[in-house]
Amino acid sequence: MDLRSELLKSIWYGFTALDLERSGKVSKSQLKVLSHNLCTVLCIPHDPVALEEHFRDDDDGPVSSQGYMPYLNKYILDKVVEGAFNKEDVDELCWTLTAKKNYKPNKSSDTVLAERDAFRLWCLFNFLSEDKYPLVMVPDEVEYLLKKICTAMSVELNCVELEDLFSQDAVQQRGITVWVFLEMMDAGKLARGIDSSVISMAIEEVYREIVGDVLKEGYLWKRGQLRRNWKERWFTLRASNLFYYTGEDRKECQGNIVLDGNCCVEVLPDRDGKRCMFCLKTLSKTYEMSSSDTKQRQEWTTAIQTAIRLHVEGKTSLHKDLKLKRHEQREQRERRQQAKEEELQRLRALQDERERKLEELELLREAQKQAQVLLAQNEESRRQQHEQLQQTFEVQLREAEEVRISMQAEMALKEEEAERQRKRVHELEEMQKRLEEALQQEIRARLDEEAFRNAQAGLLAEEEEKMKELMTLQEEQEEYILKTQREWQELKQEMEAKSRALDEAQRQLEEVRANRHRVDQDVVAAQRKLRQASTNVKHWNVQMNRLMRPIGPGGEFPHNVHATIQISGV
């Protein structure tokens, strides 16, 4: 988030505060006043001619935020010089405009937040809010900010109230506005039983850390460069500088250590009555410092190394970098969740398709069973009809045989009945034809039955093909799962290899630091011996000059001087 984006967030609140009718537009006279005040706090020369030209009185109607942006960018934001103004003045101007309209604390009850605390929380909200309008803060950032404040107060965050707030659909979809956030903080639900002064100190600490880019603050003992004596100073660490003051009020700055890629921090052994020592080395000087305990020394060395790393990476703020990383993590988490949901939907679709095919298969099986029952019934019916026809045919055959025997017996006796018998035979032949036709019908019925069985076999073959397709889909799914597991194993092995390489590099770095520390100690010892030898030589020269000075008019040395010279071996 660059300086322009930070300024636009505050100016957006000022613009919306002037929109009294909530129509998205502001009158030109109010925009003139707002522009003049912005030029004042941003230390930009005010150009009334350009302002009057841009907001001519003959141009009717108020101006929307989109209509105001060209003038704001061209005549104000494009002229802003970083470091030439105090951004807190800009925030206070915009806060004054928007707080009058939107921030209404409960005056009848004991308000937890002071006016200054509400302003700092507003600035923290702007810093952590999403870079889109209207400005809101996602639940993750709200929880992050509240945890920072509770940590500064040395209390545990009450997550029940947060869960009730985050469970609302509007908060989950759009996020939380600054006025809802201030109302929640002002109600004191998250810090019950805590003194307001403690809350103010915690908000001030978090404000200086996040908005003020202060990585760490606190008292340290510092050794002087000339007198080599120890003095207690208040240190303030930022992304590129380490300031030290005479006191916690930071009114009198005693020095500024510029941090760059050539700086390094080393832990020193206890000596000269000082413990928990460490030094900060630059190209020109080495600063020795002592902390109150080992934990403080570790925190300071880590914070200074972080500041050096930010400078090397070209970053100006730790919390801007952390916010960007948290935003990327949320986007990655959302993408993973979306991919997971898409995978679940695809699996559900496959499962539904499989269930549908199983239902179709079950319906085919049920139809097959019904066809088998119907075929059995038809077979039984045809068998019964065939038995009945056969019995009828046998009866008729027996009757015909009896008639034929009687006719043969009667032919000898009754010639006159020959004609009648021939007619009877003819009738029997007609009956035989009918029986043959019935037999042909039975044959056709058997052929129809064979065709039905062939159709049933085709249905069974189609069912087997569908089962094979289902099995193929299941095998493809299992292969995809195995492939995913193998990729995860390969990623895990690669991360373990990188971790081992990082540990080896860290060990080599520690060895280099230890060698450098030993070399520095040897150099310091050699310098100490050289200074001692120089002091001894100077003292010897003084003694010799004093002893060789003549006394009296004759220029002779006194007797005791000769004796001293003889005793000293001169």
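The first residue in the sequence is number 1, and the count goes up from there.
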* Asked: Just wondering, are more than 12 heavy atoms of other shown residues or ligands nearer than 6.0 Å to NZ in Lys74?
  -> no
* Asked: His327 pairs by side-chain hydrogen bond (donor to acceptor under 3.5 Å, both in side chains) with which of Lys325, Lys323, Glu331?
  -> Glu331
* To do: Assess whether salt bridge (charged side-chain N to carboxylate O under 4.0 Å, His left out) is satisfied between Arg507 and Glu511, documenting all intermediate values.
  => CA-CA 6 Å; Arg507 183 185 63 79; Glu511 291 178 356; 2.5 Å; yes
* Evaluate the side-chain contact (heavy atoms from CB on, under 4.5 Å) criterion for residues Cys279 and Val265: first the C-alpha distance (whole Å), next the side-chain angles of each, then the deciding distance (0.1 Å), finally the verdict. => CA-CA 6 Å; Cys279 67; Val265 183; over 6 Å; no
* Structure fact -> Nearest heavy-atom approach of Gly261 to Val312 is CA-CG2, 3.7 Å
* Structure fact -> Closest non-hydrogen contact found for Glu217 with Thr236 is OE2-OG1, 3.1 Å
* Intermediate values then yes/no, side-chain contact (heavy atoms from CB on, under 4.5 Å), Leu135 and Thr177 -> CA-CA 7 Å; Leu135 294 175; Thr177 63; over 6 Å; no
* Using distance alone, with no hydrogens and no angle criterion, decide if Thr302 and Gln298 have a side-chain donor and acceptor under 3.5 Å apart. => yes
* Where do Tyr207 and Cys123 come nearest, in terms of heavy atoms and distance? -> CE1-CB, 3.6 Å
* To do: Please check if atom CD in Glu183 has more than 12 non-hydrogen atoms from other residues, nucleotides or ligands closer than 6.0 Å.
  => no
* Charged N to carboxylate O under 4.0 angstrom, Asp352 versus Lys357? -> no
* **Close side-chain approach of Arg4 to Asn73, heavy-atom, < 4.5 Å** => yes
* Asked: What do the steps show when you test Trp234 against Tyr219 for ring pair (Phe, Tyr, Trp, His ring centres under 6.0 Å), and what is the final call?
  -> CA-CA 4 Å; Trp234 177 267; Tyr219 280 107; 4.9 Å; yes
* To do: Answer whether the closest heavy-atom distance between the side chains of Arg348 and Glu353 falls below 4.5 Å.
  => no
* To do: Calculate, to the nearest 0.5 Å, the distance between atoms CG and OG1 belonging to Asn262 and Thr282 respectively.
  => 9.0 Å
* To do: Go through the side-chain N and O atoms of Trp95 and Glu115 and say whether any donor and acceptor fall under 3.5 Å apart.
  => yes
* **Pair Arg346 + Glu342, salt bridge at N-O below 4.0 Å** => no
* Would you confirm whether Ser291, through its side chain, and Leu220, through its main-chain N or O, come within 3.5 Å as a donor-acceptor pair? => no
* Residues Arg116 and Glu204 bridged, charged N to O under 4.0 Å -> no
* Looking at side-chain heavy atoms only, is the closest gap between Leu491 and Glu487 below 4.5 Å? -> no
* Working for ring pair (Phe, Tyr, Trp, His ring centres under 6.0 Å), residues Phe278 and Trp300 -> CA-CA 9 Å; Phe278 64 96; Trp300 273 105; 7.3 Å; no
* To do: Quick one: pull up CZ in Arg275 and CZ in Arg297 and give me the separation to the nearest 0.5 Å.
  => 8.5 Å
* Asked: Quick one: are Asp140 and Arg333 in side-chain contact, heavy atoms under 4.5 Å?
  -> yes
* To do: Taking all non-hydrogen atoms of both residues into account, name the closest pair between Ala17 and Lys101 and its distance.
  => O-CD, 3.5 Å
* Could you give me the CA-CA distance, side-chain angles and deciding distance for Arg208 and Asp213, then say whether side-chain contact (heavy atoms from CB on, under 4.5 Å) is met? => CA-CA 6 Å; Arg208 284 185 54 78; Asp213 290 331; over 6 Å; no
* Asked: Which atom names give the shortest non-hydrogen contact between Ala152 and Val206, and what distance separates them?
  -> CB-CG2, 4.2 Å
* Does Lys222 pair with Glu232 as a salt bridge, N-O distance under 4.0 Å? -> no
* **Working for side-chain contact (heavy atoms from CB on, under 4.5 Å), residues Glu266 and Arg516** => CA-CA 10 Å; Glu266 293 183 4; Arg516 183 175 178 181; 3.8 Å; yes
* Asked: If we only count heavy atoms from C-beta on, is the Met277 to Met289 side-chain gap below 4.5 Å?
  -> no
* Validation row: Leu97, Asn37 side chains within 4.5 angstrom (heavy atoms) -> no
* **Audit row: Trp122, Tyr13, ring pair (Phe, Tyr, Trp, His ring centres under 6.0 Å) steps and yes/no** => CA-CA 10 Å; Trp122 179 77; Tyr13 279 106; 5.3 Å; yes
* Considering all heavy atoms of both residues, which atom of Lys9 and which atom of Asn126 are nearest to each other, and what is their separation? -> NZ-O, 2.9 Å
* **Charged N-O contact under 4.0 Å between Arg486 and Glu490** => no
* Asked: Ignoring hydrogens and geometry, is there a side-chain-to-backbone donor-acceptor pair from Thr484 to Tyr480 under 3.5 Å?
  -> yes
* Asked: With a 4.0 Å cut-off, would you call Arg330 and Glu334 a salt bridge?
  -> no
* Trace of the side chain to side chain donor-acceptor pair (under 3.5 Å) decision for Glu469 with Thr472 -> CA-CA 5 Å; Glu469 291 178 359; Thr472 304; over 6 Å; no
* Do the charged groups of Lys315 and Glu313 touch, with an N to O distance under 4.0 Å? -> yes
* With the side chain counted from C-beta on, respond yes when Cys263 and Leu280 share a heavy-atom pair under 4.5 Å apart, and no when they do not. => yes
* Asked: Step by step, would you call Lys216 with Glu209 a salt bridge (charged side-chain N to carboxylate O under 4.0 Å, His left out)?
  -> CA-CA 7 Å; Lys216 188 168 177 59; Glu209 176 185 352; over 6 Å; no
* Asked: Once you round to the nearest 0.5 Å, how far does CG of Leu259 lie from SG of Cys264?
  -> 11.5 Å
* Asked: Do Lys281's NZ or CZ and the ring of Tyr287 fall within the cation-pi criteria of under 6.0 Å and 45°?
  -> no
* Asked: Between Asn256 and Asn241, do the side chains contain an N or O donor and an N or O acceptor separated by less than 3.5 Å?
  -> yes
* To do: Working to the nearest 0.5 Å, report the span between OH of Tyr103 and CG of Leu121.
  => 8.5 Å
* Asked: Do Lys468 and Glu464 meet the salt-bridge criterion of a basic N to acidic O distance under 4.0 Å?
  -> no
* Asked: Does any N or O in the side chain of Ser154 come within less than 3.5 Å of the main-chain N or O of Cys150, such that one atom is a donor and the other an acceptor?
  -> no
* Side chains of Ile308 and Asp260 in contact at under 4.5 Å (non-hydrogen atoms) -> no
* To do: Quick one: pull up NZ in Lys87 and CD in Glu6 and give me the separation to the nearest 0.5 Å.
  => 5.0 Å
* Quick one: pull up CZ in Arg238 and CG in Leu215 and give me the separation to the nearest 0.5 Å. => 9.0 Å
* Asked: Counting N and O atoms only, with roles assigned by atom type, does the side chain of Asp117 sit under 3.5 Å from a partner on the main chain of Ile199, one being a donor and the other an acceptor?
  -> no
